[in-house]
Amino acid sequence: MHKSAYPQKEFSPEELETLRAKRRVRRIISILVLCALLVIAAMAGLFAGSYALSLADIQAVFAKRLFGSASVDVPKVAEVVIWQIRMPRLILAAVSGMALAVAGVAYQGCFRNPLVEPFILGASSGAACGAALSMLFPLLFAQTQLTAFAFALGGVALSSWLARSRGHTPPVSLVLSGIIVGALFMAAVGIMKYLANDAELREITFWMLGGFHHAGWSDAFAVSALTFPSALVIWALAWKLNLLALGDDESRSLGVNPSQLRRILLFFATLAAASCVASAGIIAWVGLMAPHAARLLFGADHRWLVPASGLLGATYLLFCDYLARTLTGAEIPIGILSATVGAPFLLWLIRVKGRELYVE
Amino acid sequence: MSNNPTAALELSGLSFTYPCGRQILEDVSFTVQPGTVCGLFGPNGSGKSTLFRCCLGLLSGAAGSIRINGEDARTFEAKELARRVAYVPQESQIRFPFLVRELVAMGRTPHLRGIFGPSRADHRIITEAMEKAGVAAFAETPCTELSGGQRQLVALAKALAQDARIMLLDEPASALDFSNQILIWQTLRSIAAKGVAVLVCTHDPNHILWFCDQVAVLHKGRLLATGPCAETLTPELLHTLYDVPLEISRPNGFTMIHPAEL
């Protein structure tokens, strides 16, 4: 240890209480800073794009839409750009980031492993398979999003069922069956790609890279309706999620039922992650990275980690979406950006901070 | 089997057989009184851990009875049992960089009312527990930065915060250096002095002689002997257990077990 990690002096109970109160204040301030960053990212996203907007346009559209005041005259194009295109897109991006990040925290906590991400049980490959099916057979599976969502949930359910033996679902078998189910679904996607014609192949490929370009209000609402309640349930269980870090025997000796807790947490985390994969495609890295970044700022307590990770995930995807729309004339798929920005960050985190963050 | 209402922990006729047919415990009966430290002694594989797991409600299907303050342990819900029995595992399996205070706070879980963690009053108990275990200086330090011995003391503080009248410890001193071993045992003595019944698994017969009031000796799943330490740990008994010639000597009236050829 290079720095002196150990305080040399003894503290009185009052001093310990002060230290705790100070840490609490520091954390609350950090949460507020993250909120501010989220607002800034959302504003940047609102302004960015090929159609230039003025602040007055935005104010007028919001006044008209939210408060019904039609007194100001708003250009029709500006209204469409703000309300029909950019707003739903921003909301979808932010909520998806939150869904993946919170799901990532829950998954990592349940598996007691910082390398786990929310797609490890086959949600993303399931969704990919569903999406490909609906693109190849639009008559059978009319709704791409719904099919992808159903297959994502189905994939995770299949993994859980395969991992179950004699009434128990050990986390290690769960990870293994997740890998197996993922491989099978990806093989199915491979077959479909092979059979697809050029246009369909292109469609499948783009879907799998992820994107918010098709986002409308219905997507934003659907994903929010599933994500917010799930995130709230996970947050409400944050204290018990802390106990899972102790291992099953110890958490049971504290009166918690770890397998039941894991089932509930994984169910809601999967629901949130699946809803966002179904509507935005596969967006890698957010669910792995946001929890790590949050842990760096807030430590391991899930009561802070869940909201912090959610805010970071939302901000991160807004930022990536901003880059996706502004870096080049054409749009870059979000999955590519979230990985190219995220991977080096994670590398840095593990190389530089890994020792402090995790018990080897 | 007579009920002993004063005993904090009373095992009578406890037997456990795994579904595959392997019998781990056979007809084990002994009691631990409040305010005493009882050593659970026996070679590897003698069933000590299984006995603990039965007492903690982690294993179901044991025959015989486990009574806590005269009440059948199996009638308690998990949370109720956790308020009465605290457990310190051999080695903490903790993942993620929890602060020492956060970790000790987990011990309050069976007493919490809301969903969102400890209250101010709980935090006073947590601080007290950290001070008793001597880890208050690390309150705001991540547990990942502590040494094995310090982590063991934190685990003890967590069990203290749980505020249970019975404490089970699985070889709490086995991974520690000599001074920390003494520190752990002295802390256990002071916990017992407050009226807690302490049951400790250990492999060191000298620790039992020095720090325990009573010993229960397990061998191949059976209770070989139980009673006051110095009378129970005879050279014959140790020979049955280990098959190595051992001697008990009393230099200056102080009991010590050591290899015969020393």
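Here is how names work: the chains are called A, B, and so on, in the same order as the sequence lines, proteins then strands, and each is numbered from 1.
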> Between Asn257(A), Asp248(A), Val256(A), Leu19(A), which residue shows the highest count of heavy-atom pairs closer than 4.5 Å to chain B?
Replying inline: Leu19(A)
> For Lys48(B), does the NZ atom have more than 12 heavy-atom neighbours from other residues, nucleotides or ligands under 6.0 Å away?
Replying inline: yes
> Where does Arg23(A) contact chain B at under 4.5 Å (heavy atoms): side chain, backbone, both or neither?
Replying inline: side chain
> For Arg295(A) and Pro97(B), which heavy atoms make the closest approach, and how far apart are they?
Replying inline: CD-CD, 4.1 Å
> Can you tell if the side chain of Leu246(A) reaches within under 4.5 Å of the side chain of Leu103(B), non-hydrogen atoms only?
Replying inline: yes
>> Please classify the contact between Leu58(B) and chain A as side chain, backbone, both or neither, with a heavy-atom cut-off of under 4.5 Å.
In response: both
>> Please check if the number of heavy atoms outside Glu91(B) that lie under 6.0 Å from its CD is greater than 12.
In response: no
>> Within the supplied structure, the quantity of interest is the number of heavy atoms (other residues, nucleotides, ligands) at a distance under 6.0 Å from Glu77(B) CD; does it exceed 12?
In response: no
> Under a 4.5 Å heavy-atom cut-off, does chain A meet the side chain of Pro89(B), its backbone, both or neither?
Replying inline: side chain
>> Would you compute the distance between atom CZ of Arg124(B) and atom CD of Glu17(A) and round it to the nearest 0.5 angstrom?
In response: 8.0 Å
> Top residue by heavy-atom pair count (under 4.5 Å) with chain A, among Arg101(B), Gln162(B), Met130(B)?
Replying inline: Arg101(B)
> So, Glu102(B) and Arg24(A), do they make that salt bridge, N to O below 4.0 Å?
Replying inline: no
> Given a strict heavy-atom distance threshold of 4.5 Å, which part of Arg53(B) is in contact with chain A: side chain, backbone, both, or neither?
Replying inline: side chain
> Ala105(B) versus chain A, heavy atoms under 4.5 Å apart: side chain, backbone, both or neither?
Replying inline: both
> With sequence neighbours left out, which residue pairs that include part of residues 147-200 of chain B fulfil the ring pair (Phe, Tyr, Trp, His ring centres under 6.0 Å) condition?
Replying inline: Trp185(B)-His207(B), Trp185(B)-Phe211(B)
> Are Leu56(B) and Arg252(A) side-chain neighbours, meaning at least one heavy-atom pair lies under 4.5 Å?
Replying inline: no
> Do the non-hydrogen side-chain atoms of Lys158(B) and Leu254(A) ever get within less than 4.5 Å of each other?
Replying inline: yes
> Do Leu16(A) and His123(B) have side chains that get closer than 4.5 Å, going by heavy atoms?
Replying inline: no
>> With a strict 4.5 Å heavy-atom criterion, list every residue of residues 224-239 of chain A that contacts chain B, or say none.
In response: Trp235(A), Ala236(A), Trp239(A)
>> Tell me if a side-chain donor or acceptor on Arg95(B) pairs with a main-chain N or O of Arg112(A) at a distance below 3.5 Å.
In response: yes
>> Whether Arg20(A) and Glu140(B) form a salt bridge (side-chain N of Lys/Arg under 4.0 Å from carboxylate O of Asp/Glu) is what I want to check.
In response: no
>> Using 30° and 60° as the class boundaries, would you call the ring planes of Phe96(B) and His302(A) parallel, tilted or perpendicular?
In response: perpendicular
> Does the side chain to side chain contact (heavy atoms under 4.5 Å, CB included) test come out yes or no for Val88(B) and Glu250(A), once each step is laid out?
Replying inline: CA-CA 8 Å; Val88(B) 178; Glu250(A) 236 181 309; over 6 Å; no
> In Å and rounded to the nearest 0.5 Å, what is the CZ to CG distance from Phe98(B) to Asn242(A)?
Replying inline: 4.0 Å
>> Minimum heavy-atom separation for Gly255(A) and Ala82(B), please, with both atom names.
In response: N-CB, 3.7 Å
> In terms of heavy-atom proximity below 4.5 Å to chain B, should Asn113(A) be classed as side chain, backbone, both, or neither?
Replying inline: backbone
